[in-house]
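Following: one structure in structure tokens, then a few remarks.
In what follows, chains are A, B, ... by sequence order, proteins preceding strands, each numbered from 1.
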There are 2 protein chains.
Amino acid sequence: MKLPTSTEWVLHCATTLAQLEPGATASAKQLAEYYDLPAPYLAKQLQALVRAGVLAATTGPRGGFRLARPATGITLLQLVEAVDGAAPPYECREIRQQGRGALPPEDCRDTCILARKMGEAHDVWRRHLDGTTVADIIAELPPTVPARTRSRMASTGGR
Amino acid sequence: MKLPTSTEWVLHCATTLAQLEPGATASAKQLAEYYDLPAPYLAKQLQALVRAGVLAATTGPRGGFRLARPATGITLLQLVEAVDGAAPPYECREIRQQGRGALPPEDCRDTCILARKMGEAHDVWRRHLDGTTVADIIAELPPTVPARTRSRMASTGGR
DNA sequence: GTATTCTTACTCGGATACACGGTGTCCGAGTAACTATGG
DNA sequence: CCATAGTTACTCGGACACCGTGTATCCGAGTAAGAATAC
């Protein structure tokens, strides 16, 4: 059970985008240089965020990515599931109904208890990540960080 | 983020072993037939449970696997981490300290907030799974199941 | 000076190779039960 | 009848291929800004 490496990338990129002035954009190349990441692959992940409706992309010069919503409406869960998918990690294949020990259908009315427990654990995981927004993250950063982020990001793009 | 398919296998196998009479064993072949699973690969996973100290194995005729502890002391988390490893799914590689946007060390005293949030989510997940024992699972099964399990398992082994 | 047209350079977007870990399989070492035998 | 030695068949345990998913990369379509030009 491993999350893609790119999960960390998009979490930080979204945090960075949220620190820019409203309406400002940052290109994939800018963000890649900002964190020393492979630009083409990072772009692929940002596209996934666009498909998920978390980011908005504009093409052409001065284009790039920006948040599709205010940072208060973007949770960590939305970012994680945009790159990793929303499929639960535990997949019940109903082996209790197969083989010599197959249970009769009347004992399988309810979902398998093991599957339910695993699903509940996944739910509490999701709820925890869904309870934190990008705005909450920024609020906990040292107060000097956002201004510096804007400054450095602007100088990169030759703005 | 996907758990191995074998996770379901070991959860059900542990539940089955817990339903046997104390001291009784079941071989990998028996369990494989019981759930219609590939026997050699299942054996590999059961060996992982032995290394984790959850199961105990005895060789020779009439040998096989049995629980290493009472079912009240075996949690779902121990089973899951035995086959999947205990490494957290989110790995922080400190990209905040790399590239053009690298933060100065004085702003990195505490662990990255994003890493902390992801770690907390993993913790609640682990705690939820650690709060349910194999004994709890059996207690929620229909009352007719354990006797049938013992019967079918015994007839398989030519006991 | 202003509006218009054209060029240009920059952006995203999807299609294409590579590598690692889970999946599936196999054969060998070890052991406990069973059998036959001798006392 | 009982103890003993030998045989046997069954078990786990680790080492060996295969495949799918994430990782990394590339090039093409589209667009908005900017410059040059005509009025």
Please evaluate residues B:Tyr90 and A:Leu11 with respect to the criterion side chain to side chain contact (heavy atoms under 4.5 Å, CB included), reporting the C-alpha separation (whole Å), side-chain torsions for both, the decisive distance (0.1 Å), and the verdict. CA-CA 11 Å; B:Tyr90 180 84; A:Leu11 288 177; 3.8 Å; yes
Roughly, in whole Å, what's the span from [atom1] in [X] to [atom2] in [N]?
X       : N      : atom1 : atom2 : answer
B:Arg51 : D:dG13 : CZ    : P     : 9 Å
B:Glu33 : D:dC10 : CD    : P     : 13 Å
A:Leu37 : D:dT23 : CG    : P     : 12 Å

Looking at [Y] and [X], is there a salt bridge between them, counting it only when a charged N and a carboxylate O are closer than 4.0 Å?
X        : Y        : answer
B:Arg116 : A:Glu140 : yes
B:Glu33  : B:Arg152 : no
B:Lys2   : B:Asp84  : no

Using heavy atoms and a sub-4.0 Å distance, could you list which residues of residues 86-97 of chain B are near DNA chain C? By number, please. none
Side chain B:Thr149, main chain B:Val145, donor-acceptor under 3.5 Å: yes
Could you go through B:Leu129 and A:Met118, starting from their C-alpha distance and side-chain angles, then the distance that decides it, and tell me whether this counts as side chain to side chain contact (heavy atoms under 4.5 Å, CB included)? CA-CA 7 Å; B:Leu129 292 182; A:Met118 296 300 292; 3.7 Å; yes
Considering all heavy atoms, the nearest B:Ala71-B:Thr133 contact: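 Answer, listing the atom of B:Ala71 first, then B:Thr133: O-CB, 3.6 Å.
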Give every pair of a protein N or O atom and an N or O atom of nucleotides 22-27 of chain C that lie under 3.5 Å apart, one pair per line with the distance.
residue	atom	partner	partner atom	Å
C:dT23	OP1	B:Thr5	N	2.9
C:dT23	OP1	B:Thr5	OG1	3.1
C:dT23	OP2	B:Tyr41	OH	3.1

Between protein and nucleic acid, restricted to nucleotides 29-32 of chain D and to nitrogen or oxygen atoms under 3.5 Å apart, what atom pairs and distances do you find?
residue	atom	partner	partner atom	Å
D:dT31	O4'	A:Thr59	OG1	3.2

Whether B:Arg66 contacts D:dC12 is assessed here as follows: a side-chain N or O lying under 4.0 Å from the phosphate OP1 or OP2. Is that the case? no
Donor-acceptor pair between B:Gln30 and B:Tyr34 side chains, under 3.5 angstrom: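 Result is no, nothing qualifies.
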Classify the side-chain pair B:Arg69/B:Gln78 by whether it contains a donor and acceptor separated by less than 3.5 Å. yes
Residue pair B:Arg100, A:Met153: steps toward the side chain to side chain contact (heavy atoms under 4.5 Å, CB included) verdict: CA-CA 9 Å; B:Arg100 182 184 208 103; A:Met153 190 59 72; over 6 Å; no
Regarding B:Ala43, tell me which of base, sugar-phosphate or nothing describes its non-hydrogen contacts under 4.0 Å with the strands shown.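 Nothing: the residue B:Ala43, judged by heavy atoms under 4.0 Å, touches no strand.
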Beyond-backbone contact of B:Asp136 with A:Ile113, side-chain heavy atoms, under 4.5 angstrom: no
